[in-house]
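What follows is a single structure, written as structure tokens, with notes after it.
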Amino acid sequence: MSRIIALAAGLVMTAISVQAQEQVSDFQLDNGMQVVVIEDHRAPVVMHMVWYRAGSADEPAGASGVAHFLEHLLFKGTDTMEPGEFSATVAANGGRDNAFTSYDYTAYFQRVAADRLELMMQMESDRMINLRLGEAEILTERQVIIEERNQRTENSPGALMREQLSAAQYYNHRYGVPIIGWRHEMETLSLEDALAYYRTYYAPNNAALIVAGDVEPDEVLELAKTYYGVLPANPDLGPRNRTQEPPQTSARRMVFEDPRVAQPYVTRSYLAPERNPGDQKTAAALTLLAELLGGGTTSLMNERLQFEQKLAVYSGAHYRGSSLDQTTFDLTVVPAQGVTLEDAEAAMDAVLVEFVEAGVNSQHLDRIKMQLRASQIYERDSVESMANRYGHALTSGLGIEDVQAWPDVLQAVTEEDILAAARMVFDERQSVTGWLTGVSAEVTQ
Amino acid sequence: MMRFVFVAVMMLAALPARAGVEIKEVTTPGGINVWLVEEPSIPFVALEIRFRGGASLDVEGKRGATNLMVGLLEEGAGDLDSQGFAKATEALAAQFSYDASDDAISVSARFLTENRREALELLRLSLIEPTFDDVSLNRVRGQVLAGIRSSEKDPNDIASRNFDALAFGDHPYSTALEGTVQSVSGLTRQDIVDAHANALARDRLYVSAVGDITEAELGVLLDDLLGALPQTGAPLPERADLTLSGGTTVIDFDIPQSVALFGHVGMERDDDDFFAAYLLNTILGGGGFESRLMEEVRVKRGLTYGVYSYLVPKDLAALYLGSVSSANDRIAEAVEVIRSEWARTASEGVSEEELSKAKALLTGAYPLRFDGNGSIARIMVGMQMEDLGVDYIATRNDQLNAVTLEDVNRVAGELLQPEALQFVVVGKPQGL
């Protein structure tokens, strides 16, 4: 029965996926700025986003956190706007605005009634080049980002461990440095640090404009030309050549002890290839591998560790392919009460061995592919998530065509592809294993 | 890293007056009332189901039973065991989620047009014929206990638990709905079966649907889905008497940044002054970056990443709450600034300019909430639980705009009680 349903669904969804792609238009302005328009006319709302191809991994050594610091400072004044006026204006128009920073990008967005789009473009294009910062607001905002680090990281043993894990995973790449910054470097971030980053990376030829909602592509393009098209490109912008990883030849292990840990767990990351333009097949296989191993209730890790052996209360595998440089494939097992981390890790490793030896469960793979097809339908209910998907990809080295090919690349992955990806990625020499634990006694049990 | 984190505003809203979205109030042949918006452009349906009562229906000594019961609904039903149910759901690409809160059990479903009958049969099994087998019970119990143990060392959860204990005396609201290690460890299968019978019944049912389905189709499907529910469940709990006394309670916990919750009595959702209070809170601490608290505590002094206040009109009590976190050596100043803003706003009120900005924000943001089948379905089920008619849609912004400066400032004087403001601070705060 289920095979017939899946087949019927597949046919319907092929048509739908074509339709969904027709809702997306893309342009390039003369100054190099990319423009993507995603139409959804169900509600009179628009999401206006500018994504810069610059994140924490583009920071100079010694100034970790400056990308995120600058993101905060962009809400201060420009030549024509008072500090705070940007957000106040968005609010006065019934909208909300915010921004976020990651390793590969910094993005700013406003969500407003569709007829306020022009005002948003005017303000966002203004702060792309006209930022004005004073020494006093730098000092206050630096306190704010340190409190943000306190909240996100210092108060959370899990976050502190993940920071150490990443640092151990990357010998030579900036992905090993936390997005929010190392505390001792954050404390020294200066006005000049922020402005140097701003002058280098904030330019139309380093940005993608994503507009999603109740808009017409032609009208968006005209507005984009008016407000963004007139900004000068930065001719000195170089390629994003970051320091790369040398061959990794030794497995790393760490034990992170913290009395605040109530629930110990073991986690392991493996260095893994990312999605690349025109070459997404391995990343697609790794995406499906993560689903098969630890993606949901019926994943192999879940079946073995929770249902059969009853060694774990949670297990999962995670892989995020959208990344400019080498990413990671991650596994986590939270042991059941009374189960040691050593035993949990051994059981996790046994699942990996079994998977590679026994191969892929075809029915399971079919279910995952069915869900991936359906996700294209469900995602159309949220243009915001579509906008984020495009923005994330376009700032991670991918093109529009890669985004649009991705669903088909996923569907085309074979069992052999997945096994080959598993054999490739589970190389312990490229791995970091971490134990998060409350007291040292538990470690040596 | 976001510039700041939004705190969900505890307010249920209405649909915008806009062409193309029409709520149909439907009664199925079997007598189930449902609000429907037909939206055929995407071939799926978002269905929202609520049962009023939720975890507050836990009987004495069985704290956590409702939460554990809800966690077990998808862990085996009819002839399917846990894995069988999950595999069947995955094969249809249906998405079900089940959640217990203080006042309601929420069931959210998304399913594709072409297999909706099969998808809803699975959903029916989970709601009407869950097996609650011992193997699943013990597995999910282990997950819940792991969550409780983690929560006991999470500063935000510690603050909430201590605040609720101070606020709600011996009412169910006074303890965490997950229960304690002791109470959850003692729950039996019969306790879970009882919790199911107490909570899932027709007399407390609210339903909404948005998507690719007609009124007639929905009627048949809903009768099949929910028709077998018992007519009545357990009586709802009594209202809670607030037992807050003001002052600052410090919970010693070794973390670098103190986490604070604060609050006192709030405003009922059906109070005539609710909109005035809502506007007041937007100005004081609810309006994101434009609020007085954010301006004074973060923007001017850099004392925190975020400070917020929010009205919390629960079914059985109304609170006015806020939260802030600051390094241990700065939290005392943050608390002082908040108390001072609370007092200043109570005595001086707000300005005409602040009020008009707050109105612009709230009325302008109003249509932005209705941006998807799922969000519209959630809003509609919330409207029903708040006893708001569909006509509220057309009048909501007018009601907000009709609030005068005198209204807001009168409410500020009545609602804001700086001396009654209770702080719970978790950390190693200096000077508190």
Side-chain angles (χ1 to χ4, degrees), chain A residues 2 5-6 8-9 12 16 42-45 68 71-72 75 84 87-88 91-96 98-101 111-113 140-141 143-144 147-148 150-151 154-155 179-180 259-263 296-298 303 306-307 310 313-314 334 336-337 367 370-371 373-374 377-378 380-382, chain B residues 1-4 6 18 39 41-44 46 82-83 86-87 90-93 95 110 112 114-115 118 139 142-143 145-146 149-150 152-153 155 254-257 259 287-290 298-305 325-327 357 360-361 363-368 370-374:
Chain A
S2 62
I5 290 171
V12 172
I16 281 154
R42 291 178 300 158
V45 180
H68 170 250
E71 176 223 298
H72 279 234
F75 293 84
S87 292
N93 283 277
R96 66 174 173 87
N98 213 328
F100 47 90
T101 306
R111 195 166 171 283
V112 288
T140 310
E141 202 61 28
Q143 292 297 331
V144 171
E147 289 294 354
E148 184 176 351
N150 283 339
Q151 185 171 330
E154 310 284 356
N155 262 21
I179 297 164
I180 199 154
R260 294 173 289 170
V261 174
Q263 181 63 63
T297 312
T298 67
E303 283 203 356
Q306 278 161 261
F307 285 86
K310 299 181 173 55
V313 292
Y314 168 84
V334 182
Q337 186 80 353
R367 293 199 304 273
M370 169 68 181
Q371 291 176 283
R373 286 193 296 271
I377 288 179
Y378 293 136
R380 287 176 56 205
D381 200 32
S382 169
Chain B
M1 303 292 125
M2 300 280 286
R3 180 163 141 264
F4 63 98
F6 279 90
R18 65 181 172 89
E39 173 54 71
S41 67
I42 310 177
F44 83 98
S82 177
Q83 293 292 78
K87 284 175 183 170
E90 290 172 2
L92 297 169
Q95 301 180 348
R110 299 202 293 179
L112 300 171
E114 67 251 27
N115 60 29
E118 294 88 341
R139 189 183 61 257
Q143 293 169 345
L145 290 172
R149 289 191 189 95
S150 294
E152 285 170 351
K153 291 197 176 178
D254 194 4
I255 41 175
Q257 185 190 56
V259 172
F289 247 73
E290 311 334 304
R298 172 172 158 164
V299 179
K300 280 191 188 164
R301 295 176 177 84
L303 291 170
T304 188
Y305 173 53
S325 40
S326 301
K357 280 183 181 169
L361 171 62
T363 58
Y366 179 56
L368 307 194
F370 306 89
D371 63 341
N373 296 0

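Each chain gets a letter, A, B and so on, in the order its sequence line appears, and its residues count up from 1. The structure presented is a predicted model; accordingly, all values stated were derived computationally and were not measured.
No donor-acceptor distance shorter than 3.5 angstrom exists from the side chain of A:Gln263 to the backbone of B:Ser150, with no hydrogens or angles considered. A distance-only check finds a donor-acceptor pair linking the side chain of A:Glu147 to the backbone of B:Ala327 [under 3.5 Å]. A distance-only check finds no donor-acceptor pair linking the side chain of A:Asn155 to the backbone of B:Pro155 [under 3.5 Å].
Proximity to chain A is limited to the side chain of B:Arg139, based on heavy atoms less than 4.5 angstrom apart. Contact annotation for B:Leu145: neither backbone nor side-chain heavy atoms come within less than 4.5 Å of a heavy atom of chain A. Contacts of A:Val334 with chain B are absent, with no heavy-atom separation under 4.5 Å from either backbone or side chain. Interface remark: A:Ala336 contributes no atoms to any contact with chain B (heavy atom separation under 4.5 Å). Contact of A:Ser382 with chain B is not made at all, since no heavy-atom distance falls under 4.5 Å. Looking at A:Gln337, the atoms closer than 4.5 Å to chain B (heavy atoms on both sides) all sit in the side chain, from C-beta outward.
Between A:Tyr378 and B:Ile42 the shortest side-chain heavy-atom distance does not fall below 4.5 Å. Contact annotation: the side chain of B:Asn115 approaches that of A:Met370 to within less than 4.5 Å [non-hydrogen atoms, C-beta and beyond]. Side-chain contact between A:Gln151 and B:Gln257 is present, with at least one heavy-atom pair separated by less than 4.5 Å. Counting heavy atoms from C-beta on, the side chains of B:Ser325 and A:Asn150 never come closer than 4.5 Å.
The two residues B:Glu290 and A:Ala91 have their closest heavy-atom pair at CG-CB, 3.8 Å. Smallest separation of non-hydrogen atoms from B:Lys153 and A:Pro259: NZ-O, 2.8 Å. The minimum heavy-atom distance linking B:Asp371 with A:Ala43 is given by the pair CA-CB, 4.1 Å. Taking both residues in full, the closest heavy atoms of A:Val144 and B:Gly302 are given as CG2-CA, 3.7 Å, listed atom of the first, atom of the second, then distance. For B:Asn373 against A:Arg42, the heavy-atom pair with the smallest separation is OD1-NH1, 3.1 Å. When all heavy atoms of A:Gly95 and B:Leu368 are compared, the closest pair comes out as CA-CD1, 4.2 Å.
Comparing B:Ser82, B:Gly374, B:Ala46, B:Ser326 by heavy-atom pairs within less than 4.5 Å of chain A, the highest count is held by B:Ser326. Ranking B:Lys357, B:Arg301, B:Arg110 against chain A, the residue ahead of the rest is B:Arg110, based on heavy-atom pairs under 4.5 Å.
Atom-to-atom distance recorded for B:Gln143:CD and A:Tyr314:OH is 11.0 Å, nearest 0.5 angstrom. B:Leu92 CG to A:Arg367 CZ: the interatomic distance, rounded to the nearest 0.5 Å, is 11.0 Å. B:Leu303 contributes atom CG, which lies 8.5 Å from atom CD of A:Gln143 (distance to the nearest 0.5 angstrom).
When only modelled atom types and interatomic distance are considered, A:Glu303 and B:Gln83 share a side-chain donor-acceptor pair under 3.5 Å.
Between B:Glu152 and A:Arg260, none of the side-chain N atoms (NZ, or NE/NH1/NH2) sits under 4.0 Å from a carboxylate O, so this pair counts as no salt bridge.
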